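It should be emphasised that the depicted structure is a prediction, and the values quoted were computed from it without experimental measurement. In what follows, chains carry the letters A, B, and so on, assigned in the order in which the sequence lines appear, proteins first and then strands, with residues in each chain numbered from 1.
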2 protein chains.
Amino acid sequence: MKPERRPLSTLGTEEAVSQLADLFRLMGDTSRLRIILASLHEPISVSDIAEKLELSQSLVSHHLRLLRAARVVRSERRGKKVFYVAADEHIQCVIEDMVAHIGEPDQAEGDD
Amino acid sequence: MKPERRPLSTLGTEEAVSQLADLFRLMGDTSRLRIILASLHEPISVSDIAEKLELSQSLVSHHLRLLRAARVVRSERRGKKVFYVAADEHIQCVIEDMVAHIGEPDQAEGDD
DNA sequence: CAAACATATGAACACATATTCATTTGTTTG
DNA sequence: CAAACAAATGAATATGTGTTCATATGTTTG
């Protein structure tokens, strides 16, 4: 089920556009995007992310801090481990839309 | 009307994830995002973009080259001017979803 | 409390890239 | 064809940032 989208009229201020760009930029790094994908459907611990993606624990932690600050993911502690999961369903929607864009047939007009 | 999304099963390869990240990164710059927004609904010329956004013609052109290469926008020449417009409706969807994410209520669990 | 495990943080560095300036290419019209 | 306008390109630079290494903080268990 697809969640509702919002009109773009919210993007009047420079600050709003800046906040939006920040989110896209966060998803624009391969490591971070893989981390997001790994935590998209179910909570996963930092160490499991690091192992699964073959990234250092430190790097994963650094990225998760940025993602959590932007509320792309949220954290939950379970004993010694900390689990991260995508914050809301919109994150998945954004990714799915972008994948759909990639699959779109090319209809360039002045591309030569 | 919302276009169809695609499943994320396409993201198996590293190359697919990399391509996806490239697109997000392109939208993660304030100037580029503003350019995308300016050309979202109707074709607009390079000079009009530059004037409207108060960016240099050169800068706009540089960014448009990247956006066109990634098929985020497509170009069409009309006389001396070149008009750019968002390549497909998925671009708008992605933005709308991200705006919706920003408007999402905060439900952090371990945020303190 | 000490030891072991899991995560977070800080500094430093290598690398990418957004922007500017100068120039070139392309298009229309006298 | 020359002049004027519009857009694209290239080089140079300043700034941002992804990654690593070392270390600190937090948590459980003996």
Side-chain angles (χ1 to χ4, degrees), chain A residues 14 17-36 38-39 43-70 72-85 108-112, chain B residues 14 17-36 38-39 43-70 72-85 108-112:
Chain A
E14 289 295 312
V17 177
S18 184
Q19 186 180 1
L20 189 61
D22 285 344
L23 282 168
F24 282 124
R25 184 165 36 76
L26 281 177
M27 301 184 68
D29 175 74
T30 306
S31 300
R32 272 195 302 265
L33 184 55
R34 291 174 71 212
I35 291 174
I36 294 172
S39 65
I44 182 175
S45 72
V46 177
S47 47
D48 283 350
I49 294 175
E51 184 183 11
K52 181 176 182 178
L53 305 184
E54 296 184 2
L55 300 174
S56 76
Q57 176 269 319
S58 175
L59 182 57
V60 173
S61 201
H62 276 297
H63 284 316
L64 283 171
R65 187 161 67 99
L66 299 176
L67 292 174
R68 192 177 66 173
V72 175
V73 300
R74 54 195 160 85
S75 64
E76 175 188 1
R77 183 173 272 277
R78 298 183 191 171
K80 279 189 281 193
K81 298 188 175 181
V82 178
F83 286 73
Y84 285 82
V85 67
E109 300 182 26
D111 215 10
D112 48 347
Chain B
E14 289 295 315
V17 176
S18 185
Q19 186 181 3
L20 189 61
D22 286 343
L23 282 168
F24 282 124
R25 184 164 35 77
L26 280 178
M27 302 184 68
D29 175 74
T30 307
S31 300
R32 272 194 302 263
L33 184 55
R34 290 174 70 213
I35 291 174
I36 294 172
S39 65
I44 183 175
S45 72
V46 177
S47 47
D48 283 350
I49 294 175
E51 184 183 11
K52 181 176 183 177
L53 306 185
E54 296 184 6
L55 301 174
S56 75
Q57 177 269 319
S58 175
L59 182 57
V60 172
S61 202
H62 276 298
H63 284 316
L64 283 172
R65 187 162 66 98
L66 299 176
L67 292 175
R68 194 178 64 172
V72 174
V73 300
R74 54 195 161 85
S75 64
E76 175 188 1
R77 166 148 253 157
R78 300 181 190 172
K80 279 188 281 193
K81 298 189 177 181
V82 178
F83 286 73
Y84 285 82
V85 66
E109 302 184 23
D111 215 9
D112 47 349

May I have the distance from [X] (atom [atom1]) to [N] (atom [atom2]), rounded to whole angstrom?
{"X": "Arg77(A)", "N": "dA6(C)", "atom1": "CZ", "atom2": "P", "answer": "12 Å"}
{"X": "Asp22(B)", "N": "dA16(C)", "atom1": "CG", "atom2": "P", "answer": "13 Å"}
{"X": "Met27(B)", "N": "dA18(C)", "atom1": "CE", "atom2": "P", "answer": "14 Å"}
{"X": "Glu76(B)", "N": "dT27(C)", "atom1": "CD", "atom2": "C1'", "answer": "16 Å"}
{"X": "Leu64(A)", "N": "dA6(C)", "atom1": "CG", "atom2": "P", "answer": "16 Å"}

Heavy atoms under 4.0 Å, any strand shown: does [X] hit a base, just sugar-phosphate, or nothing?
{"X": "Ser61(B)", "answer": "base"}
{"X": "His63(B)", "answer": "sugar-phosphate"}
{"X": "Arg25(A)", "answer": "sugar-phosphate"}
{"X": "Phe83(A)", "answer": "nothing"}

ask   = Hey, does the side chain of Arg74(A) reach the backbone of Val85(A) with a donor-acceptor pair shorter than 3.5 angstrom?
value = no
message = If we ignore hydrogens and angles and just use 3.5 Å, is the side chain of Arg32(A) paired with the main-chain N or O of His63(A) as donor and acceptor?
response = no
ask   = Near DNA chain C, under 4.0 Å by heavy atom, which residues of residues 51-60 of chain A?
value = Gln57(A), Ser58(A)
ask   = Can you check whether Tyr84(A) has a side-chain N or O nearer than 4.0 Å to OP1 or OP2 of dA6(C)?
value = no
request  = Could you check Leu66(A) against Lys80(A) and say which one's nearest nucleotide on DNA chain D is further toward the 5' end?
outcome  = Leu66(A)
ask   = Do Glu51(B) and Asp48(B) have side-chain heavy atoms sitting under 4.5 Å apart?
value = yes
key: Leu55(B) side, atom CG; Ser61(B) side, atom OG - distance, nearest 0.5 Å   = 12.0 Å
Separation between CD1 of Ile35(A) and CG of Asp29(A), rounded to the nearest 0.5 Å = 8.0 Å
ask   = Between which nucleotides of DNA chain D, 5' to 3', does chain A make heavy-atom contacts below 4.0 Å?
value = dT17(D) to dT28(D)
note = On a heavy-atom basis, the closest approach of Leu33(A) and Ala21(B) is CD2-N, 3.6 Å
key: Audit row: Ser47(B), Ser45(B), side-chain hydrogen bond (donor to acceptor under 3.5 Å, both in side chains) steps and yes/no   = CA-CA 5 Å; Ser47(B) 47; Ser45(B) 72; 3.2 Å; yes
ask   = side chain to side chain contact (heavy atoms under 4.5 Å, CB included) between Tyr84(B) and Arg68(B): does it pass, once the steps are laid out?
value = CA-CA 9 Å; Tyr84(B) 285 82; Arg68(B) 194 178 64 172; 4.1 Å; yes
query = Salt bridge check: are Arg78(B) and Glu76(B) linked by an N-O gap of less than 4.0 Å?
reply = yes
